[in-house]
Protein chains: 2
Amino acid sequence: MNRDEILQYSQTVCDGLRDDDDGVRREVLAHAGSRWSLGVVHTLGVYGRLRHAEIGRRMHGVTQRMLTLTLRQLERDGLVLRHDFEEVPPRVEYELTDMGMELLVRMVPLWTWIVGNADRFREARQDFDSRHRHTGA
Amino acid sequence: MNRDEILQYSQTVCDGLRDDDDGVRREVLAHAGSRWSLGVVHTLGVYGRLRHAEIGRRMHGVTQRMLTLTLRQLERDGLVLRHDFEEVPPRVEYELTDMGMELLVRMVPLWTWIVGNADRFREARQDFDSRHRHTGA
DNA sequence: CAGTATCCTTGCGGATACTG
DNA sequence: CAGTATCCGCAAGGATACTG
């Protein structure tokens, strides 16, 4: 895929961005990039059906609150399914929907690329910072 | 690419998420999903080199401030190049770096998918909301 | 034209404590 | 166990005015 093909192809992006700017789409994108979503989607993708605490244990640093919020968000977006067994003590399991899986498929290349280029990012950042520290001159 | 291949592949995601949680990577991902970044990257991708005001004109609703901030962010991440001609009146042009182009390549499939599935998102959201309006019962 | 500077609101996300 | 409830700091992002 060369530069021109990309540009042709990315007209779709253009169309998507133009009309209905404050629609669902932008929200979904924002959700996908938010603090814990990718981690949750990935964890559920890899391990399948998991309970609340199991997800939490597999993700470093997430609080109960944020995990719940993230899961609700993903559920609302149709990316995660919530099975409440309505037992006592409570038992709830989460799993990816097909849509969630599809999202994961699209996120993986992006994320892989980001991870693989972390050094270039750091480098660029250092350049920028040094250029801007001393009045840019 | 089937489910299993995805899961294998997405170990990369896992690794990337684990160590160095608050590193550059997560920031880049967040930036990519932030309010105006995708629009700017796409605009520069499609139209090539543009001046500040030209970008602004092609993007609906962005303020001068947010455009500047977004551009700085992208410049700092090494995704956008800034050419200041140091003239009076000022003349500054922006263009994508190769890295910026590479990001765009990874964003397009994701965004295309989101746009193409907007209806499914809306649907899921309505389901969710109606299920939760009346006490879920 | 291409920004700064300033002010302000909103809401994300963390910490902690509590409950059916 | 799987959540709520509450409080809080901070930073994103918008509106507006000003400047070299």
Side-chain angles (χ1 to χ4, degrees), chain A residues 21-22 26-40 43-44 49-77 80-95 128 131-132 135-137, chain B residues 21-22 26-40 43-44 49-77 80-95 128 131-132 135-137:
Chain A
D21 187 45
D22 282 9
R26 190 156 272 302
E27 278 183 53
V28 173
L29 181 61
H31 295 167
S34 74
R35 189 84 183 78
W36 302 108
S37 304
L38 181 54
V40 170
T43 304
L44 290 178
R49 240 189 217 222
L50 288 180
R51 305 180 62 170
H52 183 106
E54 291 173 331
I55 304 174
R57 244 172 276 130
R58 286 172 216 283
M59 295 183 43
H60 187 67
V62 68
T63 61
Q64 281 192 332
R65 190 180 105 96
M66 287 319 294
L67 183 53
T68 305
L69 285 180
T70 305
L71 284 166
R72 285 277 181 291
Q73 191 87 90
L74 293 172
E75 194 196 348
R76 194 166 119 94
D77 286 346
V80 157
L81 220 57
R82 196 186 110 109
H83 306 276
D84 189 341
F85 292 87
E86 316 222 345
E87 296 175 356
V88 171
R91 181 155 161 259
V92 180
E93 289 180 357
Y94 295 91
E95 70 176 337
F128 181 92
R131 260 183 291 123
H132 285 254
T135 335
Chain B
D21 187 45
D22 280 11
R26 189 156 274 302
E27 279 182 53
V28 173
L29 181 61
H31 294 168
S34 74
R35 190 82 184 80
W36 302 107
S37 304
L38 180 55
V40 171
T43 304
L44 289 178
R49 239 187 215 225
L50 288 181
R51 305 180 62 170
H52 184 107
E54 291 173 332
I55 304 173
R57 245 172 275 130
R58 284 171 165 73
M59 295 182 45
H60 188 67
V62 69
T63 61
Q64 280 192 331
R65 190 181 106 95
M66 287 320 294
L67 184 52
T68 303
L69 286 179
T70 305
L71 284 167
R72 285 276 181 291
Q73 191 87 92
L74 294 172
E75 194 196 348
R76 194 166 119 93
D77 286 346
V80 156
L81 221 57
R82 197 187 108 109
H83 306 277
D84 189 341
F85 292 86
E86 316 222 347
E87 295 175 359
V88 173
R91 182 155 160 259
V92 180
E93 289 181 358
Y94 295 91
E95 70 176 336
F128 181 91
R131 259 184 291 122
H132 285 254
T135 335

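Sequence lines set the chain letters: A, B, ... in the order given, protein chains first and strands last, and positions in each chain run from 1.
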Closest-nucleotide 5' rank along DNA chain D - winner of A:Val92 and A:Arg65
A:Val92
Rounded to the nearest 0.5 Å, what separates atom CZ in B:Arg76 from atom CD in B:Glu27?
7.0 Å
Report yes if a side-chain nitrogen or oxygen of A:His52 is closer than 4.0 Å to either non-bridging phosphate oxygen (OP1 or OP2) of D:dC1; otherwise report no.
no
Rounded off to whole Å, could you give me the CD-to-P distance for the B:Glu54 and C:dA2 pair?
7 Å
Look at the aromatic rings of A:His132 and A:Phe128 and report parallel, tilted or perpendicular, splitting at 30° and 60°.
parallel
Of the listed C:dG3, D:dC1, C:dG13, the closest approach to the A:Arg57 side chain comes from D:dC1
A:Thr63 has its side chain closest, among C:dA15, D:dA15, D:dA2, to C:dA15
Is the phosphate of D:dG3 approached by A:Arg91 (side-chain N or O, under 4.0 Å from OP1 or OP2)?
no
Determine whether B:Glu93 and B:Arg49 satisfy the following criterion, salt bridge (charged side-chain N to carboxylate O under 4.0 Å, His left out), listing intermediate values before the conclusion.
CA-CA 6 Å; B:Glu93 289 181 358; B:Arg49 239 187 215 225; 2.9 Å; yes
How many Å lie between CD on B:Glu27 and C1' on C:dG13, as a whole number?
16 Å
Please state how far atom CG in A:Leu67 lies from atom C1' in D:dG3, giving the value in whole angstrom units.
10 Å
Using whole Å, what does the distance between atom C1' of nucleotide D:dA2 and atom CG of A:Asp84 come to?
9 Å
For atom CG of B:Leu50 and atom C1' of C:dA2, their distance in whole Å
15 Å
Given D:dG3, is OP1 or OP2 found less than 4.0 Å from the side-chain N or O atoms of A:Tyr94?
yes
By nearest nucleotide on DNA chain C, pick out whichever of A:Pro89 and A:Gly61 is the more 5' one.
A:Gly61
What's the closest nucleotide to the side chain of A:Gln64 if the choices are C:dG3, D:dG3, D:dG14?
D:dG3
Validation row: A:Arg91, A:His83 side chains within 4.5 angstrom (heavy atoms)
no
Given atom CE of A:Met66 and atom P of D:dG3, what is their separation to the nearest angstrom?
14 Å
D:dA17 - base-pair partner by Watson-Crick or wobble geometry, distances under 3.5 Å
C:dT4
Is any side-chain heavy atom of A:Leu71 closer than 4.5 Å to one of A:Arg82?
no
Do A:Leu81 and A:Glu75 touch side chain to side chain, with heavy atoms closer than 4.5 Å?
no
B:Arg51 vs C:dA2: side-chain N/O to OP1/OP2 distance below 4.0 Å
yes
Whole-Å distance separating the CD atom of B:Gln73 from the P atom of C:dG3
15 Å
Who does D:dA12 pair with, Watson-Crick or G-U, both distances under 3.5 Å?
C:dT9
B:Arg26 CZ to D:dA11 C1': how many Å, rounded?
17 Å
Is A:Arg35 close enough to D:dA12 that one of its side-chain N or O atoms is under 4.0 Å from OP1 or OP2 there?
no
Once you apply a heavy-atom cut-off of 4.0 Å, does B:Phe85 come out as touching a base, just sugar-phosphate, or nothing?
nothing
